[in-house]
Trainee: 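This structure is in structure tokens; I'll ask about it shortly.
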Amino acid sequence: MLEKNYNPKEFEEKIYEKWEKSGAFQPDMRSDKEAFSIVIPPPNVTGVLHMGHALDNTLQDILIRYNRMLGKKVLWQPGTDHAGIATQMVVERNLAKQGLTRHDLGREKFIETVWEWKKQSGGTICKQLRRLGASCDWSRERFTMDEGLSRAVRKIFVSLYKDGLIYKAKKLVNWDPALETAVSDLEVVQKETVGKMYYYKYPLEDNPNEFIHIATTRPETMFGDTAVAVSKDNPKLKHLIGKNCILPIANRVIPIIADDHADPEKGTGAVKITPAHDFNDFEVGKRHNLPMINILNSNATLNENTPYAGMTTQEARVKTIEELEKLGLMEKIEDHPMVIPYGDRSGVVIEPYMTDQWFVDAPKLAVEARRAVHDKEMEFVPAVYEKTYFEWMNNIQPWCISRQLWWGHQMPIWYGPDETICEENEEEAQAAADKHYGKHVELRRETDVLDTWFSSGLWAFSTLGWPEATEYLKTFYPTSVLVTGFDIIFFWVARMMMMSMYMMKRVPFKKCYIHGLVRDEQGRKMSKSKGNTVDPMETIEKYGADALRFFMASSETQGRDINLSDSRIQGYRNFATKLWNAARFCEMNQCYSVKDFDIKNVKFPINKWIVAKAKEATKNVTDNLNNYRFSDAANAVYQFVWGTFCDWYIELTKPIFYGDNDEKINETRATAAWVLDRILIILHPFMPFVTTELWNNLTTRKVDLIKAEWPQHEVFGEEDKRVIDRAVEFISAVRSLRAAMNLPAVAKLTAYVKASDVDLATLIAQNNLICNLARLDKLAPLGNMEISKDMVQTVCRDTTILIPLKGVVDFAAERERLNKELETLNKNLDGYARKLNNKEFVSKAPEKVVAEEKRRQAEALENKAKVEEALARIANF
RNA sequence: GGGCGCUUAGCUCAGCUGGAAGAGCAUCUCGUUUACACCGAGAGGGUCGGGAGUUCGAACCUCUCAGCGCCCACCA
């Protein structure tokens, strides 16, 4: 017996354990069925589940479960990411609590500590994914720093290097002074701020009483100035080109050069050039072969190339201004709106910084990655995201992949006395070096590690065993679909495309489903600092994982952000309760007691009706899932379960179950059980827990629900829905009339019906059902009976329903009701007439549309006549 | 500056190929019934941001105006 109440806590975790233990998540490799695979976007190994994960993984699990039920060979490949910067930061923060830095430990010991930390806290998010119901094949769990994946990283690195697609260069890069590492363009976030614009002047060398006027937001960088630029088209300043000026404080002579970077309209028209600390100036410096003076230490304090060595940039700025004022060179300071780059992890100001770094030739790799999407080898869903993808790929810059961190894949680069060697391991590197030099030489390994996204870029094939030609790789690559958020398109999707096209010559996934962000109830972005985050674990605790999942699915309309809504999640918990109670109803009525009943043989109208509706709902869910229309799919099940099965079918079965027609009872029991099973099947991908619990408790089963067959190509005929559809409409019409007339539910009424012979017969045949649900004691043909003024009337299609009220009719109210009805009818009739009198409409619109319009007009005319009749009847009361 | 979206019921949002405007929540009225009050029945509520155009027909296509948002680049 089912418990009286739906209580997800009772069974969700138990069910999951059973699934996992039974190997239900593992593909049957012996099967020759079509393969379906998804690689999970690997969460940070030390991360905890947030609502974004809940959405992302719910969608994946729906696709995985659906395809598994379709009988495919299904793999959901799970794993975690070492998340270089993020993880290193966490561990360093922990060390800081003990007053230690990573340097106190040294590289080796520090890395050991990180592994230790990973061991401790690394499992959290995977446990949480289990709680959500994610049916990943955990036996294949991978980690981006696993031996196998590390080997893949080294192999592809060497390959790229030898193909000239990885190179080292001294370039200006984004430098994070807190982490003391280079970061990529994508890891820099630009923030609007109100800063200051400083106007001051540099004296000319040949006449110190003449000046060139400068405007800058960063006066402290002047010690790195190696020129001042003006535009050759600047009539006011071009006479200065070729002269020199004196850099105050430093007292260094620098040239005034002509360069179009200097916009006559901006600032003073003259711009100081600091090639080592500004991306534009760097380009100018290259054009004019200017010296590049680095003025910063790696922690962004000023270095000995400046008079203010050791000061922070802020301190140096204050000092510089003071000095300039003393020298009488300072002119004015204005507020100035500007954008300042911050590190997305560290949150500190990013400095353009000249260092040796390693780059991937992304522009070259982008060519194939672009083509594959262009040729639809990989398709974005929704398709608009390919515009974002192309836009970025078309403007792609070399990708800085070296990080001056300790936690990550150390680059497989060794330096000999004057040679750089790239091999997969030390032995090979040594051998190559020895051969090159003709003797044994000492090698020094590059200390930089790789950007985390380098190894994630290989995820689609490295997790499947590459570089080995494994069975899994052969079977599941390319994967079927990648599900991720739009914020990851550049970081990950694009990199995976480039890496996969380069190494595998095939796309990593055939489809890429992009979803939006989960926001808070007011549509604001969730963030810890705002304090508006909601922990999915708490939601699951409160409403169950199924409710949260269903919320995610039903809210997911392609590509749009989702606003979290507690009331909606609660609503889906209620939905699960509703289903639970419907199942209890079936249980109480011994629906599962009927053996050997073939659903193809149903005879009775309500059963034929619900079978047809169930098939319709199934098709609806199937079609929508096939098109990644999660909300439509979820809503189709919801609507069928609650709106059709519970609200109508169960109500319709009651008079049968409470009656004494055994044949009817038996067939209805069997049908109810069949429909409930069908519901459990099509709802399972969305709500795997409650459906499984019910599946297992209602009767003994030959198959587990997780592997139950998804109904496809059903051969039995299209059952007649018309009879019950008519009854439903009829009942609704009577109920509506009762409510409008304020008739108490206890009052049993008689309804007389005027309709065509066919309709009449149809309705009378369902007499029992209709009377029960519409609270009538009698349903009879009007026949030749005279319509009295005491009858209230309503129309439903071409059927007129008349209910005698024996003196209780409030004629004024009734007149008002009828008049209102008449008004609507007239309005509609105007519309029909306007259309049908329009010759163009009649001649140009498809025949079907015209016919439908005519039918509506005829029906409305008929109804109008009936209403007018009724009004006439009570005119004098 | 470049790109991409959004504006539909009080709220949050659906509406896929143009053919009588939908859901959930909220609101109002009423509740006979052992599946369910985490419930049932009924109802109200929309010039589909403004304007113009294409079309027999526009929430949907085109143009335009207004407001909002996101991404990328840049601002001495």
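Letters go in sequence order (proteins before strands), and every chain restarts at 1. Just so you know, these numbers come straight off a predicted model, no measurement behind them.
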Trainee: Provide, to the nearest angstrom, the distance between the CZ atom belonging to A/Arg735 and the P atom belonging to B/rC30.
Mentor: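 It is 18 Å, rounded to the nearest whole Å.
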Trainee: From B/rU7, B/rU32, B/rG19, pick the nucleotide closest to the side chain of A/Arg560?
Mentor: B/rU7
Trainee: Between A/Glu587 (CD) and B/rC36 (C1'), how many Å, whole number?
Mentor: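 About 14 Å, once rounded to whole Å.
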Trainee: Pick the C1' atom in B/rG1 and in B/rG50, then give their distance to the nearest Å.
Mentor: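 Going atom to atom, C1' in each nucleotide, I get 28 Å.
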Trainee: Whole-Å distance between B/rG24 C1' and A/Asp632 CG?
Mentor: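 These atoms are roughly 14 Å apart.
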Trainee: Can you tell me which nucleotide in B/rC36, B/rC56, B/rA73 comes closest to the side chain of A/Asp185?
Mentor: B/rA73
Trainee: Please give, in whole Å, the distance from B/rC38 C1' to A/Asn581 CG?
Mentor: 9 Å
Trainee: Give A/Val849 one of three labels, base, sugar-phosphate or nothing, depending on what nucleic acid heavy atoms sit under 4.0 Å from its own.
Mentor: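 Base contact.
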Trainee: Do the side chain of A/Arg568 and the base of B/rC25 come within less than 3.5 angstrom through a donor-acceptor pair of N or O atoms?
Mentor: no
Trainee: When you compare B/rA58 with B/rC63, how far apart are their C1' atoms, in angstrom units rounded to a whole number?
Mentor: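 These two C1' atoms come out 15 Å apart once rounded.
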Trainee: Give me the atom names and distance for the closest heavy-atom approach of A/Leu769 to A/Leu652.
Mentor: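 The answer is CD2-O, 3.2 Å.
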Trainee: If every non-hydrogen atom of A/Ala672 is compared with every non-hydrogen atom of A/Tyr649, which pair is closest and at what distance?
Mentor: N-OH, 3.7 Å
Trainee: Can you tell me how far P of B/rG19 sits from CD of A/Glu840, to the nearest Å?
Mentor: 20 Å
Trainee: State the pairing partner of B/rC70; accept Watson-Crick or G-U wobble contacts with both distances under 3.5 Å, and report none otherwise.
Mentor: B/rG3
Trainee: What contact category does A/Glu651 fall into here, base, sugar-phosphate, or nothing, at under 4.0 angstrom with non-hydrogen atoms?
Mentor: base
Trainee: Could one point to a donor on the side chain of A/Tyr638 or the base of B/rA23 with an acceptor on the other under 3.5 Å away?
Mentor: no
Trainee: Let's see if you can work this out: which of B/rC36, B/rG2, B/rA76 has an atom nearest to the side-chain heavy atoms of A/Val271?
Mentor: B/rA76
Trainee: Looking at the side chain of A/Phe585, which of B/rG5, B/rG42, B/rA35 is the nearest nucleotide?
Mentor: B/rA35
Trainee: Please determine if a side-chain N or O atom of A/Lys4 lies less than 4.0 Å away from the OP1 or OP2 oxygen of B/rU34.
Mentor: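 So the side-chain polar atoms of A/Lys4 never come under 4.0 Å of the phosphate oxygens OP1 or OP2 of B/rU34.
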Trainee: Locate the shortest heavy-atom distance separating A/His261 from A/Asp259; write the atom from each residue and the value.
Mentor: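 A/His261 and A/Asp259 have their closest heavy atoms at N-OD1, 2.8 Å.
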Trainee: Can you say whether a donor on the side chain of A/Lys578 sits under 3.5 Å from an acceptor on the base of B/rC36, or the other way round?
Mentor: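 Yes, the side chain and the base share a sub-3.5 Å donor-acceptor pair.
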Trainee: Measuring only the C1' atom in each nucleotide, how far is B/rC25 from B/rA66? A whole number of Å is fine.
Mentor: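 Going atom to atom, C1' in each nucleotide, I get 30 Å.
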Trainee: What contact category does A/Asn563 fall into here, base, sugar-phosphate, or nothing, at under 4.0 angstrom with non-hydrogen atoms?
Mentor: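 Sugar-phosphate, no base atom in range.
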Trainee: Under 4.0 Å between a side-chain nitrogen and a carboxylate oxygen: does that hold for A/Glu859 and A/Arg855?
Mentor: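 A salt bridge links A/Glu859 with A/Arg855.
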Trainee: Please confirm whether the shortest side-chain N or O distance from A/Trp642 to OP1 or OP2 of B/rG40 is below 4.0 Å.
Mentor: yes
Trainee: B/rA14, B/rA73, B/rC36: which one has an atom nearest the side-chain heavy atoms of A/Ser631?
Mentor: B/rA14
Trainee: Does any N or O donor sit under 3.5 Å from an N or O acceptor when you compare the side chain of A/Thr577 with the base of B/rC38?
Mentor: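 A donor-acceptor contact between them is present.
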